[in-house]
Number of protein chains: 2
Amino acid sequence: MAKKSDLLPGTLDLLILKTLSRGPQHGYGIALSIKRQSEDALTVEEGSLYPALQRSLLQGWVKAEWKMTETNRRARFYTLTEAGRSQLGAEISKFEQMIAAISLVLSDHTPKEAL
Amino acid sequence: MAKKSDLLPGTLDLLILKTLSRGPQHGYGIALSIKRQSEDALTVEEGSLYPALQRSLLQGWVKAEWKMTETNRRARFYTLTEAGRSQLGAEISKFEQMIAAISLVLSDHTPKEAL
DNA sequence: CTCTATCCATAGCTGTTCTATGGATAGATA
DNA sequence: TATCTATCCATAGAACAGCTATGGATAGAG
């Protein structure tokens, strides 16, 4: 993992899959979408994005095809597959569980077992 | 990073520092505390914990001293330093910002710039 | 006396993300 | 025309976190 990541490590796939769930996108567009949706809080570097897309291709979570952009440029469009959609669901629920668990630790409650 | 981590990567130091903010603890106790506080959702492996503690020592976030446990065993007690306390604050706020940003992406809102 | 829980710690691996590059083209501007 | 900027692709190499696996030691229970 990187030391001072611009995002929370382990959440990149989640962000990409979620973005693609809104419709097919090319790599550059995915990066822009995440930046826009997060109101500039999250920046995905291309050096992180493309390897992640390759991994997603291998996993079968997305498929890719070359097309033309609205701006008349060749670009590789990624589309979420069914497997990708189910993976997205799994990652969302895991993420939410993690957040809930961490929040328990950060809060100052007394755990059940101590009562 | 591990593929299927038991915790969210990048949050281990946060969890350790927070635990120590409740009072000095030895390594084994820290692991138990996190498990208990998270109601068994988070398990910190010893192979993750001790290296993390070494890093924290180097960073000056914690100090360590050998003492005796209530159960009459030698144990290395870690105490949060002032630097550690301020680091904890920084990590908490960064973590909260990250969660907020990711939540924006996961939600189906329309970002400001698109309006 | 043996077993389990408590306690420490390191070595080595793997995977993720970053930085740093490298390349190419469309359209705007000078 | 020339050059610059934004758009678009992608890989190599490094750094680092966290895991598995391992090894050791002791207190107390059975």
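The basis for the numbers below is simple: all heavy atoms, side chains too, and nothing from hydrogens, waters or symmetry mates. Naming: A, B, ... by sequence-line order, numbering from 1 per chain.
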- Message: Working note: B:K35 + B:T43, criterion side chain to side chain donor-acceptor pair (under 3.5 Å); need CA distance, chi angles, decisive distance, verdict.
- Response: CA-CA 6 Å; B:K35 195 179 180 66; B:T43 300; 3.1 Å; yes
- Message: Would B:T19 and B:Q25 count as a side chain to side chain donor-acceptor pair (under 3.5 Å) here? Give the steps.
- Response: CA-CA 8 Å; B:T19 298; B:Q25 284 264 22; over 6 Å; no
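Summarising the geometry of B:G27 relative to B:L49, their closest heavy-atom pair is O-CD2, 3.1 Å, with the distance given to 0.1 Å. The two residues A:T69 and A:A75 come nearest to each other via the heavy atoms OG1-CB, 3.6 Å. Closest heavy-atom contact between B:E46 and B:Y28: OE2-CD1, 3.8 Å.
For A:P9, the listed nucleotide lying nearest its side chain is C:dT17; candidates were D:dT20, C:dC7, C:dT17. Taking the side chain of A:P51 as heavy atoms from C-beta on, and the options D:dT11, C:dA26, D:dC9, the nearest nucleotide is D:dT11. Taking only side-chain atoms of B:L12, from C-beta outward, the nucleotide of D:dG18, D:dC8, D:dA10 with the closest atom is D:dG18. Set against C:dC8, D:dC8, D:dG18, the side chain of A:Y50 has D:dC8 as its closest nucleotide. Of the listed nucleotides (D:dT20, C:dC7, C:dT17), C:dT17 has the atom at the smallest distance from the side chain of A:L7.
Contacts between residues 22-29 of chain B and DNA chain C, counted as heavy-atom distances below 4.0 Å, involve B:H26, B:G27, B:Y28.
Put simply, CG on B:L58 is 15 Å from C1' on D:dA17, counting in whole angstrom units. In this structure, B:M98 atom CE and C:dT17 atom C1' are separated by 12 Å, rounded to whole Å. In this entry the distance linking OH of A:Y78 with C1' of D:dC9 reads 8 Å, nearest Å. Taking atom CZ of residue B:R36 and atom P of nucleotide C:dT6, one finds them 12 Å apart after rounding to whole Å. Rounded to whole Å, the distance from CD on B:E46 to C1' on D:dG23 is 12 Å. Taking atom CG on A:D6 and atom C1' on D:dA15, their separation rounds to 16 Å, with Å as the unit. B:W66 places its CH2 atom 11 Å from the P atom of C:dC7, with the value rounded to the nearest Å. Remark: C1' of D:dG18 and CG of A:L8 are 15 Å apart, rounded to the nearest angstrom.
Mapping B:T69 and A:T11 onto DNA chain C by nearest heavy atom places B:T69 at the nucleotide closer to the 5' end. Mapping B:E70 and A:N72 onto DNA chain C by nearest heavy atom places B:E70 closer to the 5' end of the strand. Positionally, the nearest nucleotide of DNA chain D for A:T71 lies more toward the 5' end than for the other of A:Q54 and A:T71.
Of the residues listed (A:Q97, A:E91, A:E96, A:M98), the one engaging A:K94 in a side chain to side chain contact (heavy atoms under 4.5 Å, CB included) is A:M98, and it is the only one.
Contact check on B:D13 versus B:K18 returns no salt bridge, with no Lys/Arg side-chain nitrogen under 4.0 Å from an Asp/Glu carboxylate oxygen.
A donor-acceptor pair is defined here as one N or O able to donate and one able to accept, closer than 3.5 Å; such a pair exists between the side chain of A:T81 and the backbone of A:G60.
Neither OP1 nor OP2 of C:dT6 sits under 4.0 Å from any side-chain N or O of B:R74.
B:T43 comes within contact range of no nucleotide atom at all, as no heavy-atom separation falls under 4.0 Å. Residue A:R55 is classed as a base contact, given a heavy-atom separation below 4.0 Å to a base.
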